[in-house]
Amino acid sequence: MQLTPYLFFDGRCEEALEFYKKALGAEAILLMRFKDSPEPPPPGQMPTGSENKVMHATVRIGDVEFMASDGHCGGNPSFSGFSLSLTLPNEAKVNQAFAALSERGKVDMPLAKTFFSPRFGMLTDRFGVRWMLTVPIQT
């Protein structure tokens, strides 16, 4: 069994993928645009001019993959009720990723030492995706 997050950026997927590429080294290992679909959406289902929007992408960050799309291209992405948790090997990597992801976003909990991590923080990125960044306790 495998559980894979699928994020719908509602028209901002390509921008998000570029941002995650710069911030985290993300790689789109598959990208299909609506115009490339062998079965185009029914007339009126998608806004005019959305042919070049991302119908589906598979994205890799480190050893993890997630999927992404522009969805219905309405321009109002909404991410609530979950966070993506990113575990990095050391404090320097967490500091770097946190700074990159929080650019034009919102810091929800500044990076700090906690009882469960030498470095932990939470943020909401510019697309509204919530993140938790942590360094595991070394045993």
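Here, residue 1 is the first one in the sequence, and each next residue gets the next number.
Take Tyr6 and apply the ring-ring contact (aromatic ring centres under 6.0 Å, His included) test, not counting sequence neighbours, and it matches Phe8, His56. Considering only residues two or more places apart in sequence or on other chains, Lys22 meets the salt bridge (charged side-chain N to carboxylate O under 4.0 Å, His left out) condition with none of them. Checked against salt bridge (charged side-chain N to carboxylate O under 4.0 Å, His left out), Glu65 has the following partners two or more places apart in sequence or in another chain: Arg60. By the side chain to side chain donor-acceptor pair (under 3.5 Å) test, Glu15 is found to be paired with Arg12, residues two or more places apart in sequence or in another chain being considered. Not a single salt bridge (charged side-chain N to carboxylate O under 4.0 Å, His left out) links Asp36 to another residue, sequence neighbours left out.
Listed by first and then second residue, the ring-ring contact (aromatic ring centres under 6.0 Å, His included) pairs involving residues 59-102 are Phe9-Phe79 (not counting sequence neighbours). Applying the ring-ring contact (aromatic ring centres under 6.0 Å, His included) test to every pair with at least one member in residues 100-123, sequence neighbours left out, gives these pairs: Phe116-Phe120. Applying the ring-ring contact (aromatic ring centres under 6.0 Å, His included) definition to pairs two or more places apart or across chains, none involves residues 21-42.
When all heavy atoms are compared, the tightest approach of Asp108 to Leu123 is OD2-C, 3.1 Å.
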Report, one line per pair, each donor and acceptor closer than 3.5 Å where one atom sits in a side chain of residues 129-137; sequence neighbours left out.
unit_1	atom_1	unit_2	atom_2	d
Trp131	NE1	Asp125	OD2	2.9
Thr134	OG1	Ser117	OG	3.0

Please tabulate, one pair per line, all N/O donor-acceptor pairs under 3.5 Å involving side-chain atoms of residues 40-50, not counting sequence neighbours.
unit_1	atom_1	unit_2	atom_2	d
Ser50	OG	Pro47	O	2.7

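Alongside Met1, the hydrophobic cluster contains no other residue (criterion: ILVMFWY side chains under 4.5 Å). Alongside Leu30, the hydrophobic cluster contains no other residue (criterion: ILVMFWY side chains under 4.5 Å).
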